[in-house]
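Just the heavy atoms: all of them, side chains too, but no hydrogens, waters or symmetry mates, feed the values below. Naming: A, B, ... by sequence-line order, numbering from 1 per chain.
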Amino acid sequence: MSKAILDEWVSPKYLDYPAVRKLKRKYRQQRPFPHHALPGFFRVDKIRKVRKALLKQDFKRKEADLFSFWQTPQDIRHVKNPTLRSFYRLFNSKEFKQYVGWLTSTKLSQKLDMSGFVYSDGDYLLPHDDRLESRKVAFVVNISHGFKKRDGGSLGMFTTRESHPFRMTKQYVPQFNTLFLFTVTRKSFHQVNEVQANKQRVSFAGWFHGN
Amino acid sequence: MGINKAYMRTDLLHDVRKAFTISNPQSIQLHAFLADDALKKVKTAVNKLSFTRNYVPDLHCYDEAKRIPKELRSVFAEITALVQFIAKKKLKCKELTIRKFGKKQYTVLHDAYKEKPGVDVMLDLTPAWHPAAGGAMVYTRKGSGVLTIAPAYNTFSIVQRTKSMMRFVKYVNHHAENKRVLILGTFR
């Protein structure tokens, strides 16, 4: 695996082979469905610049039955800001896709979707499984500051019963510089709990696709 | 008499029918709908009801009354005549339910909710409501919102729901100080 681009962006602890191999093994055992929650994933100086660049972008209000949030009006691949372009290049690189594919034991194709999101007071994303066309692995890069459990905005994961989400058994409070990965299946029901504070939940999210 | 007398005036009724007919989608909202006495009786009866929680996380979360009180049934006799006049057709109330939507409650658009077309009616008993709290009834046509009915106390709404239309109740967020109380019926 060519590591130059990974070394530039990823914290050394996530490139240490024995440690990462342990992580890979844990993936399938994670409940309620296979996922990785990787705190401190990116080099801090890099991700701080990315956050700053994202917050300078325009966001569009998105409201539907399932959600309420602010989203970048176009996929990050079309954004002109050099820092964001560079961040996108990492995700779109063969090396990073190989790394994610290996960590999740999933064969990925070239296609990638990535948007920036801000959830402000009262915003939410209701339970859904993300299944659509060729989506294989969903990712969330949380870059929020100062969230406590009572503030909401947690990523909640559900068990499944009779094809519907049943009980939320895991919640991740927004934490700066955390990467989430999970395989998109009929059981990958998740939600973003309503933000209940005057705080901004800032993230990138999208999907690695497969054939 | 349950319905506000003003809505029984022939000239006003014709105006209401015209407004319903020319709107797209066909719909009308009638404010201060029930007369004071009837409103008091219906509210008292609804407040005494027991509700059960319906929760399927990817479909809906709301509380539904276990029964329809007789005070409401008697008002619905008058309502049926009114709806028939406005929609210009003979109709029967085929579905009637009472639902409450409090914080973190909602319905979503889903194939599981493909309802037969009909004339929807909604009597809103929601007390004071924070405008940013959500809870609106939203009608969509092919995925796009075409009508939003925000919470409004003692307001009666009539909507002609065609085959291509669906509806959902927007998630109620933490700004809500009360529960949205809706009497929902469908005439066919």
Side-chain angles (χ1 to χ4, degrees), chain A residues 32-33 60-70 119-132 147-171 184-201, chain B residues 53-62 99 101-115 120 129-151 159 161 164-180 182:
Chain A
F33 51 80
K60 200 173 171 188
R61 188 76 187 145
K62 296 279 188 173
E63 294 268 359
D65 56 331
L66 273 180
F67 52 76
S68 161
F69 48 59
W70 298 87
Y119 290 70
S120 50
D121 187 14
D123 285 343
Y124 58 88
L125 174 61
L126 296 178
H128 63 289
D129 61 13
D130 267 6
R131 280 189 304 144
L132 193 70
F147 269 78
K148 297 196 169 96
K149 193 177 177 192
R150 65 168 183 265
D151 298 329
S154 300
L155 178 65
M157 296 177 173
F158 288 82
T159 58
T160 308
R161 184 182 277 189
E162 291 170 358
S163 306
H164 292 285
F166 180 60
R167 193 164 282 149
M168 190 162 57
T169 56
K170 195 160 268 179
Q171 290 189 64
V184 177
T185 70
R186 280 180 299 173
K187 292 187 172 183
S188 54
F189 282 106
H190 60 284
Q191 70 171 25
V192 175
N193 294 339
E194 179 194 341
V195 173
Q196 301 195 32
N198 189 19
K199 293 181 180 177
Q200 289 191 321
R201 180 191 190 275
Chain B
R53 170 70 47 94
N54 284 334
Y55 182 39
V56 181
D58 61 333
L59 298 180
H60 57 238
C61 182
Y62 55 79
R99 290 180 185 169
F101 291 85
K103 284 176 190 174
K104 299 185 181 182
Q105 296 194 308
Y106 55 89
T107 64
V108 304
L109 298 173
H110 195 282
D111 286 348
Y113 287 126
K114 274 193 178 156
E115 302 172 278
D120 291 337
W129 193 256
H130 191 295
M137 173 71 82
V138 181
Y139 281 82
T140 65
R141 191 184 283 139
K142 291 172 186 165
S144 300
V146 287
L147 176 68
T148 298
I149 302 173
V159 181
R161 184 169 37 74
S164 60
M165 288 167 67
M166 293 179 83
R167 57 180 170 163
F168 68 91
V169 174
K170 187 88 174 131
Y171 177 91
V172 177
N173 66 35
H174 72 102
H175 292 294
E177 290 148 352
N178 298 299
K179 288 188 175 188
R180 189 170 193 198
L182 296 174

Under 4.5 Å from a heavy atom of chain B, the part of Glu63(A) involved: both
How about NZ on Lys187(A), more than 12 heavy atoms from neighbouring residues, nucleotides or ligands closer than 6.0 Å, or not? no
Side chain proximity check, Asp65(A) to His110(B), heavy atoms < 4.5 angstrom: no
For the residue pair Pro57(B) and Phe158(A), establish whether any side-chain heavy-atom pair is separated by less than 4.5 Å. yes
At a 4.5 Å cut-off on heavy atoms, which part of Val108(B) comes close to chain A: side chain, backbone, both, or neither? both
Given 3.5 Å as the limit, does a donor-acceptor pair link the side chain of Glu194(A) with the main chain of His174(B), or not? yes
Interface moiety of His128(A) toward chain B, non-hydrogen atoms closer than 4.5 Å: neither
Main chain of Leu66(A), side chain of Lys170(B): is a donor-acceptor contact present, judged purely on distance under 3.5 Å? no
First locate atom CZ of Arg167(A), then atom OH of Tyr55(B), and finally report the distance between them rounded to the nearest 0.5 Å. 10.0 Å
Provide the full list of side chain to side chain donor-acceptor pair (under 3.5 Å) pairs with a residue in residues 147-157 of chain A, sequence neighbours left out, each pair given once. Asp151(A)-Lys199(A)
Which atoms of Tyr171(B) approach chain A - backbone, side chain, both or neither, heavy atom under 4.5 Å: both
Under 4.5 Å, counting heavy-atom pairs only, tell me which of Thr107(B), Asp58(B), Val56(B), Asn173(B) racks up the most with chain A. Asp58(B)
